[in-house]
Chemist: 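Below are the structure tokens for one structure; questions will follow.
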Amino acid sequence: MKATTARHALPVLALVLAGMTLTACGPETDGASSSGTSAAAGSDTSSGTSTSGTSTPASRSTAQNQGSGRSDGADGGPQTCTAAHLKVSTENLDTGAGTTHFQLLFQNTGSSPCTLTGFPGVSFHGGDGTQIGNAAARDNSTPVTTVTLLSNGHAVSDVTAPDGQSGFSAEQCHLKDVSFVGVYAPGSKDLIDVPWKAQECSGTSIHALKTGPVHSVR
């Protein structure tokens, strides 16, 4: 009986050992497959995270800069002046020979330096805010430069407009009462109202209002 039991036990033991071997191999194969899938997913996730991680903040930063009218200066220099830190007034009014000359004076009311480059947007407006006539055309006789305004610093833009009807016919000019000059600082989308009490041409067939680029005070 003992010998018979031992003989029968050997095949059983062999089957058990074979099962254990198969069981040990199973997790390794699954583990490799799982690791491979996980690595692929990790690569996709990493790629997706990396893409969104770089582009999304950059887009957001760009949107903020555009919305505020500010942008980082070159090499970490001063930023573009915003409407929130600019005071605009009219100065040096001079009328003669059918033309009105004046300057838009930009003052930096902020505590940090800022820069202005290029042409402001300029147009006449009535008391209800409606634009009168065409917006100012650009006068390129003055070269474009970047002007840095220190705190409380100033820069100007030269503007010309017809003196009343000037040399235009009544039909072309069609005089209207103006309440203010609407000014967009270079690089800004925020309108600044500057008081202006006069009659100006409203006819859209003429482009007599002109503005030069911002430059330093001479």
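Side chains included, hydrogens not; waters and symmetry mates left out as well; all remaining heavy atoms used.
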Chemist: For residues 97-111, tabulate all N or O donor-acceptor pairs below 3.5 Å that involve a side-chain atom, not counting sequence neighbours.
Modeler:
{"unit_1": "T100", "atom_1": "OG1", "unit_2": "T95", "atom_2": "OG1", "d": "3.4"}
{"unit_1": "Q103", "atom_1": "OE1", "unit_2": "N92", "atom_2": "ND2", "d": "2.6"}
{"unit_1": "Q103", "atom_1": "NE2", "unit_2": "D158", "atom_2": "OD1", "d": "2.7"}
{"unit_1": "Q107", "atom_1": "NE2", "unit_2": "N152", "atom_2": "OD1", "d": "2.5"}
{"unit_1": "N108", "atom_1": "OD1", "unit_2": "G110", "atom_2": "N", "d": "2.9"}
{"unit_1": "N108", "atom_1": "ND2", "unit_2": "S112", "atom_2": "O", "d": "2.9"}
{"unit_1": "N108", "atom_1": "ND2", "unit_2": "L149", "atom_2": "O", "d": "3.1"}
{"unit_1": "N108", "atom_1": "ND2", "unit_2": "L150", "atom_2": "O", "d": "3.3"}
{"unit_1": "T109", "atom_1": "OG1", "unit_2": "H85", "atom_2": "O", "d": "3.3"}

Chemist: State yes or no: do V159 and L93 share one hydrophobic cluster built from I, L, V, M, F, W and Y residues joined by side-chain heavy-atom distances below 4.5 Å, directly or via other members?
Modeler: yes
Chemist: How close do S216 and V156 get, counting heavy atoms only, and between which atoms?
Modeler: O-CG2, 4.2 Å
Chemist: Please output the side-chain donor-acceptor pairs of residues 137-145 that fall under 3.5 Å, not counting sequence neighbours, one pair per line with the distance.
Modeler:
{"unit_1": "D139", "atom_1": "OD1", "unit_2": "S141", "atom_2": "N", "d": "3.0"}
{"unit_1": "D139", "atom_1": "OD1", "unit_2": "S141", "atom_2": "OG", "d": "2.9"}
{"unit_1": "D139", "atom_1": "OD2", "unit_2": "S141", "atom_2": "OG", "d": "3.4"}

Chemist: Can D177 and I132 be said to form a side chain to side chain contact (heavy atoms under 4.5 Å, CB included), step by step?
Modeler: CA-CA 9 Å; D177 292 329; I132 294 175; over 6 Å; no
Chemist: Side chains of T82 and C114: does their closest heavy-atom pair fall under 4.5 Å?
Modeler: no
Chemist: Are F180 and I192 grouped together when hydrophobic residues (ILVMFWY) are joined by side-chain heavy atoms under 4.5 angstrom apart?
Modeler: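 Looking at the clustering, I192 is in a separate group from F180.
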Chemist: Quick one: name the residues clustered hydrophobically with Y184, using the 4.5 Å side-chain heavy-atom rule over I, L, V, M, F, W, Y, and just say none if it's on its own.
Modeler: L191
Chemist: Would you compute the distance between atom CG of L209 and atom CG of N134 and round it to the nearest 0.5 angstrom?
Modeler: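 The CG atom of N134 is 9.0 Å from CG of L209, to the nearest 0.5 Å.
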Chemist: Any idea which heavy atoms bring L116 and C81 closest together, and the distance?
Modeler: CD2-CB, 3.7 Å
Chemist: Compile the donor-acceptor pairs under 3.5 Å between side chains in residues 200-208 and protein atoms, sequence neighbours left out, one pair per line.
Modeler:
{"unit_1": "E200", "atom_1": "OE2", "unit_2": "W196", "atom_2": "NE1", "d": "3.0"}
{"unit_1": "S202", "atom_1": "OG", "unit_2": "H174", "atom_2": "O", "d": "2.6"}

Chemist: Establish whether L175 and F168 are linked, either directly or via other cluster members, by ILVMFWY side-chain heavy-atom contacts under 4.5 Å.
Modeler: no
Chemist: Decide side chain to side chain contact (heavy atoms under 4.5 Å, CB included) for Q165 and C173; before the verdict, give the C-alpha distance in whole Å, the side-chain angles of both, and the deciding distance to 0.1 Å.
Modeler: CA-CA 6 Å; Q165 186 173 311; C173 179; 3.9 Å; yes
Chemist: What pairs of donor and acceptor atoms, side-chain ones from residues 121-129 against any protein atom, are under 3.5 angstrom apart with sequence neighbours left out?
Modeler:
{"unit_1": "S123", "atom_1": "OG", "unit_2": "H125", "atom_2": "NE2", "d": "2.8"}
{"unit_1": "H125", "atom_1": "ND1", "unit_2": "G129", "atom_2": "O", "d": "3.0"}
{"unit_1": "D128", "atom_1": "OD1", "unit_2": "T130", "atom_2": "N", "d": "3.0"}
{"unit_1": "D128", "atom_1": "OD1", "unit_2": "T130", "atom_2": "OG1", "d": "3.1"}
{"unit_1": "D128", "atom_1": "OD2", "unit_2": "T130", "atom_2": "OG1", "d": "3.1"}

Chemist: Taking the side chain as every heavy atom from C-beta outward, state whether S157 and T211 have any pair of such atoms under 4.5 Å apart.
Modeler: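 SC-SC contact between S157 and T211 confirmed.
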Chemist: With side chains defined as the heavy atoms from C-beta onward, is the minimum distance between F119 and P186 less than 4.5 Å?
Modeler: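 Not in contact.
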Chemist: Of all residues at least two apart in sequence or in a different chain, which pass the side-chain contact (heavy atoms from CB on, under 4.5 Å) check with T115?
Modeler: P78, T80, T146, T148
Chemist: Taking all non-hydrogen atoms of both residues into account, name the closest pair between A83 and D190 and its distance.
Modeler: CB-CB, 3.6 Å
